[in-house]
Amino acid sequence: MMLKSDNFRLGLVLGLLLPVGVFFLIYFIRFSTLSLSEFSAVLRQEPRLITFLSVWCLVANIGLFTLYINTSRYATARGVFIITVLYGLLFLATKFLV
């Protein structure tokens, strides 16, 4: 199975996709009464929501990183880690620019 391989690119892809999945999961569970454009407006009005969403997206990646470290798949873990740091910087910049 591909998820069991140790591959840097796999880590990059998983690290990119998991936070997006978590974002939409939270959106559908908690904010599905709003359209995406309405939700975007709410995010601009309530910066605390950006913090809430970014924390859960990063926690998901940290869990994924931990899984790959604990199973000695270090190349994949490295890819997840790099994307997690980039997401963290992006969320931090978004928090201060919005």
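All values derive from a computational prediction rather than experimental measurement.
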Asker: Taking the side chain as everything from C-beta on, heavy atoms only, tell me whether L16 gets closer than 4.5 Å to Y87.
Answerer: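 They are in contact (side-chain heavy atoms under 4.5 Å apart), so the answer is yes.
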Asker: Please work out whether the ring planes of Y27 and F23 are parallel, tilted or perpendicular, with thresholds of 30° and 60°.
Answerer: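 Parallel.
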Asker: Do S32 side-chain atoms and I29 backbone N/O form a donor-acceptor pair below 3.5 Å?
Answerer: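 It does not hold such a pair.
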Asker: Consider only side-chain heavy atoms of I, L, V, M, F, W and Y, link residues closer than 4.5 Å, and tell whether L43 and F28 are in one cluster.
Answerer: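 Yes: a chain of side-chain contacts under 4.5 Å links L43 to F28.
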Asker: Verify the cluster assignment for V80 and I62: are they in a single hydrophobic cluster under the rule of side-chain heavy atoms below 4.5 Å apart?
Answerer: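 The answer is no; the residues belong to distinct hydrophobic clusters.
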Asker: Kindly give the heavy-atom pair with the smallest separation between L10 and S5, and that separation in Å.
Answerer: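 Distance-wise, the nearest heavy atoms are CD2-OG, 3.7 Å.
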Asker: To the nearest 0.5 Å, what is the distance between CZ on F65 and CZ on R78?
Answerer: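 CZ of R78 is found 10.0 Å from CZ of F65.
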Asker: With side chain to side chain contact (heavy atoms under 4.5 Å, CB included) as the test, pick out the partner of I83 among L64, N61, L17.
Answerer: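 Looking at L64, N61, L17, the match for I83 under the side chain to side chain contact (heavy atoms under 4.5 Å, CB included) is N61.
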Asker: Can you name the nearest heavy-atom pair linking D6 to R73, along with the distance?
Answerer: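 D6 and R73 have their closest heavy atoms at OD1-C, 3.1 Å.
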Asker: Would you say F91 and V55 make side-chain contact, with heavy atoms under 4.5 Å?
Answerer: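 Heavy-atom side-chain distance check fails, nothing below 4.5 Å.
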Asker: Roughly how far, to the nearest 0.5 Å, is the OH atom of Y74 from the OG atom of S72?
Answerer: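 Answer rounded to 0.5 Å: 3.5 Å.
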Asker: Would you kindly confirm whether V13 and F81 end up in one hydrophobic cluster when ILVMFWY residues are joined by side chain heavy atoms under 4.5 Å apart?
Answerer: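 Different clusters: V13 never reaches F81 through Ile, Leu, Val, Met, Phe, Trp or Tyr contacts under 4.5 Å.
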Asker: How many angstroms lie between atom CG of L53 and atom SG of C57, to the nearest 0.5 angstrom?
Answerer: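 Here the rounded value is 6.0 Å.
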Asker: Is L49 reachable from F24 through a run of hydrophobic residues whose side-chain heavy atoms are each under 4.5 Å from the next?
Answerer: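 Shared cluster, yes.
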Asker: Count I, L, V, M, F, W, Y as connected when their side-chain heavy atoms are under 4.5 Å apart, and connections chain through other members. Are L86 and I50 then in the same cluster?
Answerer: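 Both belong to a single hydrophobic cluster.
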Asker: For a quick test of reading the model, state the closest non-hydrogen atom pair linking R44 to S40 and the distance between them.
Answerer: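 Shortest heavy-atom separation between R44 and S40 comes out as NH2-OG, 2.9 Å.
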Asker: Do the side chains of R30 and F52 get nearer than 4.5 Å, heavy atoms only?
Answerer: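 They are in contact (side-chain heavy atoms under 4.5 Å apart), so the answer is yes.
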Asker: So which heavy atom on A60 is nearest to which on L18, and how close?
Answerer: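 What the structure gives for the nearest pair is O-CD2, 3.3 Å.
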Asker: Can you confirm whether T76 sits close enough to F8 that some side-chain heavy atom of one is under 4.5 Å from a side-chain heavy atom of the other?
Answerer: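 With C-beta onward as the side chain, the pair stays apart.
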Asker: Begin from the C-alpha positions of F31 and I26 and carry the test side chain to side chain contact (heavy atoms under 4.5 Å, CB included) through to its verdict.
Answerer: CA-CA 7 Å; F31 303 100; I26 292 170; 4.2 Å; yes
